[in-house]
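In this chain, residues are counted from 1 in sequence order. The basis for the numbers below is simple: all heavy atoms, side chains too, and nothing from hydrogens, waters or symmetry mates.
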Amino acid sequence: MCGIVGYIGKQKADSILLSGLQRLEYRGYDSAGIAIINGELEVQKQKGKVSALASTVEGRGGYDGTLGIGHTRWATHGFPNDVNAHPHTSSTGDFALVHNGIIENYNALKRTLTGKGYVFKSETDTEVLVHLIDDIRKQTGLDLVASVQQALTQVDGTYGMALVSKENGEDVLIGARKGSPLLIGVGEDEWFLASDAAPLVEHTRQVIYLDDGEMVVMKRSGYEVMTTENTPLRKEVIELEMSVEAVEKSGYDYFMLKEIMEQPQSIADSMRGRVDAEAGTIKLGGLIG
Ligand code: GLU
């Protein structure tokens, strides 16, 4: 299943993102990618294992940026290939986004955005969200956070999403959740974002679990949590007491026990977005396109 990692702080983001993605590998995925902001937005994404992505990143000498997002994809819309892998970037290349979940009304949104001249590079539902945010920002002149909030009111479906950008010269990492888990790791002048505690525990034990309809805006000066309707929230910071190994085993004593206990959730996760109960159809997106 899909995974998200995000980082803003003083350390190089590439190694934090790649090791975080490796900690999410047990969930299964078909492709992986990272986006780093270091003055400019740079994206590296490809089909296959995180280790292959790590080799590509290493081969180009790594990235110097200290802000970035990473993703492991479990395709629902479009084949598992390099182009469909996340992150996806805006047409002007000023922000990149990763997404777990399904945008159910992506066809209608895609038609509208195509009509306005947006060119889709991938077959994913996710790219709709990218161009929608871009379009709202251009049409309304709203800032990036408000544009994300407005875009989220227009999408039906589920998302855990993370977006990186440089706005007005300021680095920003935005995360939002509806139906797909997302949590914040609070460090010393550095903040993390992940879809699971496993990538966080080696960096910090202080976490905030976002609930559905909530989002976080992280800047170098700090982070703010709010609803996606922009109501500020004071969320409790929880201290994770589990070791890295225990987090990986979700608190169970043995991996086998974890696998058994998580079967219902695993089945639900792998079927999400593929079964249309109303229409009585099953779409095996990612397997047969
Ligand atoms: N629906 C998105 C896609 O097909 C995200 C899949 C995922 O959750 O990894 O690219």
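Both Val201 and Tyr7 are members of a single hydrophobic cluster when ILVMFWY side chains are connected at heavy-atom separations under 4.5 Å. Both Val148 and Val128 belong to a single network of hydrophobic side chains, linked directly or stepwise wherever heavy atoms of I, L, V, M, F, W or Y lie under 4.5 Å apart. Note on Met161: it clusters hydrophobically with Leu144, by side-chain heavy-atom contacts below 4.5 Å among ILVMFWY residues. Both Leu113 and Leu142 are part of a single hydrophobic cluster, where members link through side-chain heavy atoms under 4.5 Å apart. A chain of hydrophobic side-chain contacts below 4.5 Å, direct or via other Ile, Leu, Val, Met, Phe, Trp or Tyr residues, connects Val5 to Leu240.
No side-chain heavy atom of Ile36 sits under 4.5 Å from any side-chain heavy atom of Lys12. Between Phe95 and Ile174 there is no side-chain heavy-atom pair separated by less than 4.5 Å. Side-chain contact between Asn38 and Tyr63 is absent, with no heavy-atom pair separated by less than 4.5 Å. With a 4.5 Å cut-off on side-chain heavy atoms, Thr204 and Glu190 do not count as touching. Between Asp135 and Ile133 the shortest side-chain heavy-atom distance does not fall below 4.5 Å. For the pair Tyr209 and Glu236, the minimum side-chain heavy-atom distance is 4.5 Å or more. Taking the side chain as every heavy atom from C-beta outward, Phe192 and Val207 never approach each other to under 4.5 Å. In this structure, Met226 and Met215 have side chains that are in contact, with non-hydrogen atoms separated by less than 4.5 Å.
Expressed to the nearest 0.5 Å, how far CD of Gln263 lies from NZ of Lys258 amounts to 11.5 Å. Atom CD of residue Gln139 and atom CG of residue Asp134 lie 10.0 Å apart, to the nearest 0.5 angstrom. In this structure, CG on Leu53 lies 7.0 Å from CG on Leu21, to the nearest 0.5 angstrom. Atom CZ of residue Arg60 and atom CD of residue Glu42 lie 5.0 Å apart, to the nearest 0.5 angstrom. Distance OG/Ser15 to CD/Glu58: 11.0 Å, rounded to 0.5 Å. Taken to the nearest 0.5 Å, the CG atom of Asn100 stands 11.0 Å off from the CZ atom of Arg73.
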_Pair Glu127-Ser122, side chain to side chain donor-acceptor pair (under 3.5 Å): steps then yes or no_ = CA-CA 7 Å; Glu127 204 181 348; Ser122 77; 2.7 Å; yes

*Begin with the C-alpha distance, continue with both residues' side-chain angles, and end with the deciding distance and a verdict on side chain to side chain contact (heavy atoms under 4.5 Å, CB included) for Asn107 and Leu109.*
CA-CA 5 Å; Asn107 258 331; Leu109 291 169; over 6 Å; no

*Could you please spell out the steps behind the side chain to side chain contact (heavy atoms under 4.5 Å, CB included) verdict for Glu259 and Tyr254?*
CA-CA 9 Å; Glu259 299 295 320; Tyr254 306 102; over 6 Å; no

_Using side chain to side chain contact (heavy atoms under 4.5 Å, CB included), reason through Tyr159 and Leu152 one step at a time and then give a plain yes or no._
CA-CA 9 Å; Tyr159 51 81; Leu152 294 179; 3.7 Å; yes

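Residues satisfying the side chain to side chain contact (heavy atoms under 4.5 Å, CB included) criterion with Ser221, sequence neighbours excluded, are Glu170, Lys219. Applying the ring pair (Phe, Tyr, Trp, His ring centres under 6.0 Å) criterion to His88, with sequence neighbours excluded, gives His86. Residues satisfying the ring pair (Phe, Tyr, Trp, His ring centres under 6.0 Å) test with Tyr118, not counting sequence neighbours, are His131.
Listed for the Asp30 side chain is a donor-acceptor partner under 3.5 Å among the backbone atoms of Ala75. Side-chain atoms of Asn105 do not come within 3.5 Å of backbone N or O of Ala108 as any donor-acceptor pair. Using a distance-only test at 3.5 Å, with no hydrogens or angles considered, no donor-acceptor pair links the side chain of Ser90 to the main chain of Val130.
Nearest heavy-atom pair across Gln154 and Ile136 is NE2-CD1, 3.7 Å. When all heavy atoms are compared, the tightest approach of Tyr106 to Thr124 is CD1-O, 4.5 Å. Smallest separation of non-hydrogen atoms from Leu129 and Ala151: CD1-CB, 4.2 Å. Across every non-hydrogen atom of Ser31 and Ala85, the tightest pair is OG-CB, 3.7 Å. Closest non-hydrogen pair, Leu183 versus Ala197, comes out as CD2-N, 3.9 Å. Across every non-hydrogen atom of Leu132 and Val155, the tightest pair is CD2-CG1, 4.0 Å.
Side chain to side chain, Gln46 and Thr56 meet the donor-acceptor criterion of an N or O pair below 3.5 Å.
Screening residues 145-161 for salt bridge (charged side-chain N to carboxylate O under 4.0 Å, His left out) gives no qualifying pairs among residues at least two apart or on separate chains. Within the structure, salt bridge (charged side-chain N to carboxylate O under 4.0 Å, His left out) pairs that include any residue of residues 76-98 comprise Asp94-Arg137 (at least two apart or interchain).
Lys235 and Asp211 are joined by a salt bridge, as a carboxylate oxygen and a charged side-chain nitrogen come within less than 4.0 angstrom of each other. Remark: Lys178 does not engage Asp212 in a salt bridge, criterion side-chain N to carboxylate O under 4.0 Å.
Residue-environment remark: CD (Glu239) exceeds the threshold of 12 foreign heavy atoms within 6.0 Å. In this structure, Glu229 places its CD atom where only 12 or fewer heavy-atom neighbours from other residues, nucleotides or ligands lie under 6.0 Å away. For Glu262, the CD atom sits in a packed shell: over 12 heavy atoms of surrounding residues, nucleotides or ligands are nearer than 6.0 Å.
Evaluated for a side chain to side chain donor-acceptor pair (under 3.5 Å) with Thr126, the options His71, His99, His77 yield exactly one hit, His99.
Membership of the apolar cluster around Val164 extends to Ile4, Ile8, Ile37, Leu41, Val43, Leu67, Ile69, Val98, Leu173, Leu182, Ile184, Val186, Trp191, Leu193, Ile208, Leu210, Val216, Met218, Tyr223, Val225, Leu233, Val237, as traced through chained side-chain contacts below 4.5 Å between ILVMFWY residues.
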